[in-house]
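To start, the structure under review is shown below, and the notes come after it.
Within every chain, numbering begins at 1; the chains are lettered A, B, ... in the order of the sequence lines, protein sequences first and strands thereafter.
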Amino acid sequence: MPDRLLYSLDLMGTVVFALSGVLLARRLHMDGFGLLVLATVTAIGGGTIRDLVLGVRPVFWVTQPEYLMLIVATCVLAVPLLRPLSHERVGWLLLRADALGLATFTAIGANKALQLGAPGIVAVAMGVLTGVGGGMIRDVLAREVPMVLCREVYATAGIAGGLVLVLSHAWWGDARWAMLACMVVTLLIRLAALRWHWHLPSFGGLERP
Amino acid sequence: MPDRLLYSLDLMGTVVFALSGVLLARRLHMDGFGLLVLATVTAIGGGTIRDLVLGVRPVFWVTQPEYLMLIVATCVLAVPLLRPLSHERVGWLLLRADALGLATFTAIGANKALQLGAPGIVAVAMGVLTGVGGGMIRDVLAREVPMVLCREVYATAGIAGGLVLVLSHAWWGDARWAMLACMVVTLLIRLAALRWHWHLPSFGGLERP
Amino acid sequence: MPDRLLYSLDLMGTVVFALSGVLLARRLHMDGFGLLVLATVTAIGGGTIRDLVLGVRPVFWVTQPEYLMLIVATCVLAVPLLRPLSHERVGWLLLRADALGLATFTAIGANKALQLGAPGIVAVAMGVLTGVGGGMIRDVLAREVPMVLCREVYATAGIAGGLVLVLSHAWWGDARWAMLACMVVTLLIRLAALRWHWHLPSFGGLERP
């Protein structure tokens with residue numbers, strides 16, 4: 001049943017994005033409640049933008065309090081578990097947690113747009129917006145360079161995943177496999193880009209940023 | 001009647017947040033119309049996010065033009081009155097105006113969520129989001145470090161206030177007293193934190209930010 | 001027929017704001033897909049905020065995929081055409097494209113609010129919010145100083161244009177001419193400010209930012 005799969009994926013994406021908020025909060029030496037706020041906006045930011053734009057109201061977490069509870073639980077458990085990690089390890093984990101969240105939320109966002117009858121190009125855009133939205137808010141608040149503007153194939157992974165979802169949905173007519181294909185493609189591209197420092201040729205060439 | 005109290009509090013929160021926008025605009029040497037824009041997004045930002053997420057449409061200030069008029073009036077009056085203030089005094093006032101706005105809007109946001117039947121944890125999150133939203137947008141636009149990420153017990157005050165509102169609402173069943181209790185608790189915690197430079201232990205310990 | 005005019009203006013504003021995103025992406029050496037994301041949020045950001053606040057749902061680009069297609073086409077065409085430009089020329093063009101987008105979207109936003117029966121002051125605010133919204137998101141993501149906070153008569157141009165639209169709409173009762181008047185006024189003020197380095201007296205005087 002796609003609905004149960006969807007729900008499980010959504011909870012997983014919520015946990016990993018909350019975790020990415022916790023990791024960034026650690027790097028910024030925030031206190032426990034600031035950390036909770038940062039983890040929350042990261043975890044529910046993308047889905048909130050998605051529901052607002054698609055006209056779903058109220059936004060999902062208002063009627064499903066388990067999302068907020070899950071975020072609180074993630075923070076409470078993550079803080080002691082992550083304490084022994086070194087600075088480098090935190091940075092390494094942050095990028096991987098974010099990649100998993102990107103893959104999951106891209107699939108969910110694109111799928112939700114298709115279910116509501118949106119055209120393919122809109123579904124790709126909704127997927128990318130849902131996938132990058134939470135991390136964008138996190139990075140803007142923390143005054144980091146948003147990952148989507150970095151050159152390591154971040155937006156590319158989301159757009160490729162969205163295209164895979166739309167095409168495989170049209171081909172197989174099955175939402176479940178389309179979502180899994182989208183997640184696998186997005187995650188593999190992003191992890192490979194991190195592993196081998198891939199980047200596309202940048203536009204503008206001469207000067208360094 | 002809670003509605004009149006709610007309305008008065010909302011107007012007061014609008015004035016103090018508009019004032020916090022004016023004070024920050026002064027520090028950034030913005031011109032009169034840039035100042036008006038910054039004061040406006042600060043004053044209506046939190047309530048706009050609240051109404052969007054809760055699915056209230058259109059957003060409150062579209063049908064109630066008195067909010068925008070009040071913001072214009074606040075800017076027109078505040079500019080000459082604040083001119084003689086020194087740089088330090090402006091910084092001092094900015095933090096206090098923001099604290100009063102935080103307390104007021106946290107109470108209003110959490111109360112509005114409860115009235116619409118949201119669960120307690122959602123009401124706390126809506127309170128915090130409404131309370132910190134306007135100031136967050138103000139600080140992000142002005143490229144300041146968002147106050148909610150500072151360590152001086154900012155998010156903590158909002159979360160404590162939201163919890164007080166939800167608990168006292170469940171206990172007394174009276175929205176009016178619950179809101180006042182929430183405001184008093186939020187404001188006292190935040191002012192005390194500013195006065196005695198409270199901060200919670202930060203997470204991550206060794207390196208300085 | 002105002003509707004066809006409105007539609008043409010909206011497409012033009014979308015193209016020029018997408019172009020401003022491309023130009024900024026070039027300055028930041030982003031890759032092709034990051035550039036596409038930045039162009040997209042810039043081009044649809046203002047209209048998305050407008051539709052959300054006014055309670056139009058879903059947001060316009062969900063049911064009108066031609067907007068996203070136009071943005072993709074703009075990026076594909078702009079990248080090779082803009083490649084030979086020097087750094088200074090890119091900065092120069094960015095400010096002009098942004099000014100044209102500001103003028104167009106201010107007129108559209110204020111007009112849409114009036115059509116939905118909003119009061120004059122709300123229409124002015126919606127015009128400014130629609131006009132500055134996309135550029136604001138662009139600049140915040142790219143960690144540039146938001147143009148609306150610069151002193152070169154940016155917010156002033158939008159507010160003046162919005163007032164012209166509301167007044168000429170009340171006077172002539174014709175949406176078409178009111179929108180054109182608003183666009184001309186906004187664009188001329190902003191271009192003149194850029195040309196002769198106009199700025200209003202700033203508030204706060206002594207210290208430099």
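For B:L141, the parts lying near chain C are the backbone and the side chain together; criterion is any non-hydrogen pair under 4.5 Å. Proximity to chain C involves both the backbone and the side chain of B:V62, based on heavy atoms less than 4.5 angstrom apart. Interface remark: C:L129 contributes side-chain atoms only to the contact with chain B (heavy atom separation under 4.5 Å). Looking at C:V145, both its backbone and its side chain come within 4.5 Å of chain B, counting heavy atoms on both sides. When heavy atoms are compared at a cutoff of 4.5 Å, C:V140 approaches chain B solely by way of its side chain, counted from C-beta outward. If you measure heavy-atom distances from B:L36 to chain C, the contacts under 4.5 Å come from the side chain alone. Using a 4.5 Å cut-off between heavy atoms, C:L54 touches chain B through backbone and side chain atoms alike.
A distance-only check finds a donor-acceptor pair linking the side chain of C:D139 to the backbone of C:M147 [under 3.5 Å]. No donor-acceptor pair under 3.5 Å is formed between the side chain of B:R190 and the backbone N or O of B:T156.
Salt-bridge formation is detected for the pair C:R138/C:D98: a Lys NZ or Arg NE/NH1/NH2 atom is positioned less than 4.0 Å from an Asp or Glu carboxylate oxygen.
In this structure, C:R57 and C:D51 have side chains that are not in contact, with every pair of non-hydrogen atoms separated by 4.5 Å or more.
Remark: C:E144 pairs with C:R27 by the salt bridge (charged side-chain N to carboxylate O under 4.0 Å, His left out) rule, at least two apart or across chains.
To the nearest 0.5 Å, atom CG of residue C:L70 and atom CH2 of residue C:W61 are 15.0 Å apart.
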